[in-house]
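Hydrogens, waters and symmetry mates are skipped; everything else that's a heavy atom, side chains included, is used. Small disclaimer: the values here were computed from a predicted structure and weren't measured. In the text below, chain A, chain B and the rest are named by the order of the sequence lines, each starting its count at 1.
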Number of protein chains: 2
Amino acid sequence: MTDFIRNKKQLIEREKVESEARRLALEAMEAALASVNPQHLLRGRLKLEGDFLRIDHLSVDLKEVEGIYVFGGGKASAAMAEALYEVLGDRLTEGIIVAPKYQERAFRTGPIWLVKAGHPIPTVEAPNAVSKMLELADRLGERDLAFCLISGGGSALMASPTGGVSLEEKQDITRALLKSGATIHEINTVRKHLSQVKGGRLAGRIYPAETVGLIISDVVGDSLETIASGPTAPDPTTFRDAVAVLKKYRLWDNAPEAVRKTLEEGVGGLIPESPKPSEEVFRKVHNFILGNNELACRSASEYLNSRGVEASVLTVFLEGEAREAGRVIAAMAKYLKPKPEAKDRSIILGGETTVKVKGEGKGGRNQELVLSACRLIEGVKGLAIAAVDTDGVDGYTEAAGGIVDGYTLSQAREAGLDADFYLQNNDSHSFLDKLGDTIMTGPTGTNVNDLIVAVRVSSEGG
Amino acid sequence: MTDFIRNKKQLIEREKVESEARRLALEAMEAALASVNPQHLLRGRLKLEGDFLRIDHLSVDLKEVEGIYVFGGGKASAAMAEALYEVLGDRLTEGIIVAPKYQERAFRTGPIWLVKAGHPIPTVEAPNAVSKMLELADRLGERDLAFCLISGGGSALMASPTGGVSLEEKQDITRALLKSGATIHEINTVRKHLSQVKGGRLAGRIYPAETVGLIISDVVGDSLETIASGPTAPDPTTFRDAVAVLKKYRLWDNAPEAVRKTLEEGVGGLIPESPKPSEEVFRKVHNFILGNNELACRSASEYLNSRGVEASVLTVFLEGEAREAGRVIAAMAKYLKPKPEAKDRSIILGGETTVKVKGEGKGGRNQELVLSACRLIEGVKGLAIAAVDTDGVDGYTEAAGGIVDGYTLSQAREAGLDADFYLQNNDSHSFLDKLGDTIMTGPTGTNVNDLIVAVRVSSEGG
C-alpha cells in the first residue's frame with residue numbers, strides 16, 4: 001500500500017473502533033489513489049513489444065514512425081510524461097507539456113520540456129508554452145506520431161486565446177457567461193472559439209501526424225469534448241453558435257472589442273473553424289481514457305472487500321451543494337447498521353460537488369461535505385466518513401479533504417468549536433485543521449474528481 | 001395490492017420500458033403504504049384472546065379492568081380508533097380523539113368521540129377537544145385502562161396552551177424560536193412547558209390508570225419524546241430550562257406577557273412540572289411504536305424483491321433541502337446500471353426533506369425533489385424516480401408526491417415548460433400536474449414521513 005496520506009497515523013489514533021473505521025476509510029482512499037496514479041495507469045496500458053507500441057486494440061509499428069512527439073497539459077500530465085519517457089526512452093523525439101506550478105516534485109521527462117503555469121487562474125506561461133507547442137505541432141509530418149497527455153486542469157494550463165484576445169478578456173467573458181445562467185455547453189461553445197487549443201484544435205495542428213490521446217478524466221461522464229475542453233476531440237459547435245450564445249444572454253454588446261472581432265472574423269472565415277467530427281483529422285486521432293472516477297471508486301470498493309468489508313459504489317455522478325450532499329451521505333452512512341452476523345459495511349460515492357461561497361473562511365468542497373456530515377452522526381459508534389479531492393488540493397487549502405466520525409462533534413464542542421458557525425462561514429478547513437482531521441496528501445499528480453468513503457465497523461469487531 | 005394511488009394507470013401509460021419502471025416504483029409505494037396502514041398495523045399487533053388483551057410482551061386481563069378509555073390525536077388516530085373499536089367493540093367505555101379536518105372519510109369509532117381540527121395551523125377545536133379529553137382523563141381510577149393513539153400531526157391537533165396563553169401567542173413564540181436558530185430540542189423544551197398535553201402531561205393526567213400508547217412515528221429515529229411532542233413520554237426538561245432557552249435567544253423580554261407569566265408560575269411551583277422519567281406515572285405507561293418509516297421502506301424493498309428487482313434501503317434518516325437531496329438521489333439512480341446478467345435494480349430512501357420556500361409557486365418537498373431529480377437523468381432509459389409523503393398530502397397540494405423518468409425533461413420542453421424556472425419558483429406541483437406526473441392518493445390516514453423509490457429496469461426486459 002502506497003502511503004499517499006502523510007498524516008494517516010495521526011488520523012487513526014482514536015478509540016479502537018473509531019480507529020478501525022478511520023483506518024479502513026483512509027486505506028480505501030489510498031487504494032483508489034494508487035489505481036488512478038498516472039504512472040501506474042500508463043504503464044498498465046501502453047506496452048512496447050520489440051518495435052511495436054500497443055495500447056488496447058491499437059498497435060503502432062515504430063519502424064514506420066519518423067519522430068515521436070509529446071504535447072498536452074493538466075494536473076496529471078507531468079506524471080504521464082514521466083511514465084511515457086520510462087516506456088519509450090530515447091525513442092522520444094521532443095515534446096512540450098504544461099503542469100501546475102504547485103506540483104513541486106522533479107519529474108524526469110527526458111526530451112519532453114515541462115513548463116509550469118498557474119492554476120486555476122491562468123498565467124502568462126500558458127500562452128507562451130502553447131505557442132511553442134503549436135509551432136512544434138505545425139512541423140510534424142504524416143509519418144510522425146504525437147502523444148497528447150490530457151487531464152483536468154488542462155483548460156487553464158493550456159489557456160491561449162486566439163487573435164488579439166487577452167487572457168483577462170477571455171476570463172471576463174467566461175465569468176459573465178457563468179453569471180448569466182448560460183449552460184456549461186453554451187459557455188464551452190464560446191470558449192472553444194476563442195482558443196488555439198480547445199475544441200480539437202490541437203489535434204488539427206498535429207495533423208497530418210497521428211495523434212494518440214492519453215486522457216485522465218475529471219469530468220463526470222467522461223465526455224471527451226469536455227475534459228480539458230477537448231484538445232483532441234471534435235467540436236460540433238461553430239463561430240456562429242458562439243455569437244448566438246453571447247447575443248442570447250445579451251452579452252454581445254458589452255463583450256470586449258477583441259472578443260467580438262475574433263468571433264466575427266471566425267464567422268467571416270478569416271479564422272479557421274474548430275475541426276468537426278467528420279473531418280479527416282479525426283481518422284488519425286485515437287483517444288484513450290486511462291483513468292476516471294469510476295476506476296477510483298471500484299478500487300476503493302475492491303480494497304474494502306479484500307478486508308472483509310461489504311462495499312457499495314452508490315454513484316460516480318455525485319453533484320450538488322457540498323453541505324447538502326454531506327447531509328444525504330451522513331443519513332446513509334448512519335444507516336449502515338452493523339448486525340451481529342453481518343460483515344462491516346461501507347458506501348462509496350464519486351463525482352464532484354460544488355460550494356456556493358458565502359463566508360470568508362478557508363475550505364474546500366470535500367472538507368465542507370464532511371463538516372456538514374459530522375453534525376448528523378453524533379454518537380454513532382464505529383463510523384467514519386472521509387472525502388477527498390483526488391488531485392490532493394481541496395479548494396484553496398493545503399489539504400486533500402477531511403475525515404469525521406461520531407465523536408467529531410463532541411470533540412469540537414470540547415475544543416470550543418461550533419460546527420454550524422464554521423460551516424456558515426465556509427471555514428471547513430480551519431475547523432478540521434484544529435481537530436487534526438484534515439487529510440494531507442500533497443498534490444497527487446492525478447485528478448479524477450472527488451471520492452467519498454463511509455465505513456461502519458461493528459463495535460464487537462473493533 | 002390495495003390501490004392507494006388513484007391515478008396509477010395514467011402514470012404508467014408510457015413506452016414499454018418506462019412504463020415498467022414506473023409501475024414497479026408505484027407498486028412498491030403502494031406496498032409500503034399498505035404496510036403502515038393503521039388498521040393493518042393495529043390488527044397485526046393487538047390481539048384479544050378471550051378476556052386477555054395482548055400486545056407484544058404485554059398481556060392485560062380485562063376481567064381486572066373497570067373501564068377502557070381512548071385518547072389521542074394525529075393523522076393516523078382516526079384509523080387507529082376505528083381498528084381499536086373493531087378489536088374491542090362494546091368493551092370500549094368512552095374516548096375522545098382529534099383528527100385533521102381534511103380527512104373526509106367517515107370513520108366508525110363506536111363510543112370514541114372523533115373531533116376534527118385544523119392542521120397544520122391549529123384551530124380552536126383543538127383546545128376545546130383537549131379540555132374534554134383531560135376532564136375525562138381526570139376521572140379515571142387505578143383499575144381503568146387508557147389507550148393513547150398517537151401519530152404525527154398530534155402536536156397541532158392537540159394544541160392546548162396552559163393558563164392564559166392563547167393559541168396565537170404560543171405560535172408566535174414558536175415562530176420566534178425557529179427564526180432565532182434555537183435547536184428543535186430547545187424549541188420543544190419551551191413548547192412542552194406551555195402545553196397541557198405535551199411532554200408526558202397526558203399520561204400524567206391519566207394516572208393512576210394504566211396507559212397503553214399506540215404510536216405511529218413520523219419522526220426520524222422514532223424518539224418518543226418528539227412524536228406529537230410526546231404526550232405519553234417522560235420529559236427530562238424543566239420550566240427553568242424553558243426560561244433559560246428564551247433568555248439565551250434574547251426572546252424573554254419581548255415574549256407575550258402570558259407566556260412569561262406561565263413560565264414564571266411554573267418555576268415558582270404554581271403549575272405542575274411535566275412528569276419526569278423517574279416518576280411513578282411511567283411505571284404504568286407502555287408505549288408501542290406500531291409503524292414507522294423503516295417499516296414502509298422495508299415493505300417497498302420486499303415487494304420489489306418479490307418482483308425480481310434487487311432493492312437496497314439506503315437510509316431511513318434522509319434530511320436536507322429537497323432539491324439538493326433530489327440531485328444526490330438522481331446521481332445514484334443514474335448509476336443503477338442494468339447489466340446483461342443482472343436483475344433490475346432499485347434504491348429506496350426514507351426520511352423527511354425540507355424546502356426553503358423562496359418562490360410563489362405551489363409545491364411540496366417530494367414533488368420538488370423529483371422535479372430537481374429529473375434534470376439529471378435526461379435520456380436514461382428504463383429509470384423512474386418517485387417520491388411521496390406517506391400521509392398523502394405533499395406540501396399544501398392535493399398530491400402525495402410525484403414521479404419522473406428519463407423523458408420527463410424532454411416532454412416538459414415540448415410542452416413549453418422550463419424545469420429550472422418551475423424549480424426556482426417552488427412550483428413543482430404545477431410542473432408535474434401539467435405533465436400528468438403527480439401521484440394522487442388522497443389523505444392516507446397514516447403518516448410515516450417521506451418515501452423515495454428509484455427503479456431501473458433493463459431495456460431488454462422492458
Need one label for B:Val313: side chain, backbone, both or neither, based on atoms under 4.5 Å from any heavy atom in chain A. both
Determine the sole option in B:Leu432, B:Thr408, B:Ile403, B:Ile329 for which the side chain to side chain contact (heavy atoms under 4.5 Å, CB included) test with B:Val370 is passed. B:Leu432
Should A:Thr353 and A:Leu318 count as side-chain neighbours, where that means a heavy-atom distance under 4.5 Å? yes
Among B:Val316, B:Asp420, B:Val220, who wins on heavy-atom pairs under 4.5 Å with chain A? B:Val316
Chain A: which of B:Ile347, B:Val328, B:Leu336 shares the most heavy-atom pairs with it under 4.5 Å? B:Val328
What part of A:Leu349 gets closer than 4.5 Å to chain B, counting heavy atoms only: side chain, backbone, both or neither? side chain
Whether A:Ser372 side chain and A:Glu368 backbone form a donor-acceptor pair below 3.5 Å: no
Relative to chain A, which of B:Glu321, B:Arg323, B:Arg327, B:Glu294 shows the most heavy atom pairs under 4.5 Å? B:Arg327
Working for salt bridge (charged side-chain N to carboxylate O under 4.0 Å, His left out), residues B:Arg413 and B:Glu378: CA-CA 11 Å; B:Arg413 220 177 278 124; B:Glu378 186 166 18; 3.0 Å; yes
Side-chain donor-acceptor pair under 3.5 Å between A:Asn449 and A:Asn293, yes or no? no
Please look at A:Leu376 and chain B and tell me whether the side chain, the backbone, both or neither of the residue comes under 4.5 angstrom of a heavy atom of that chain. side chain
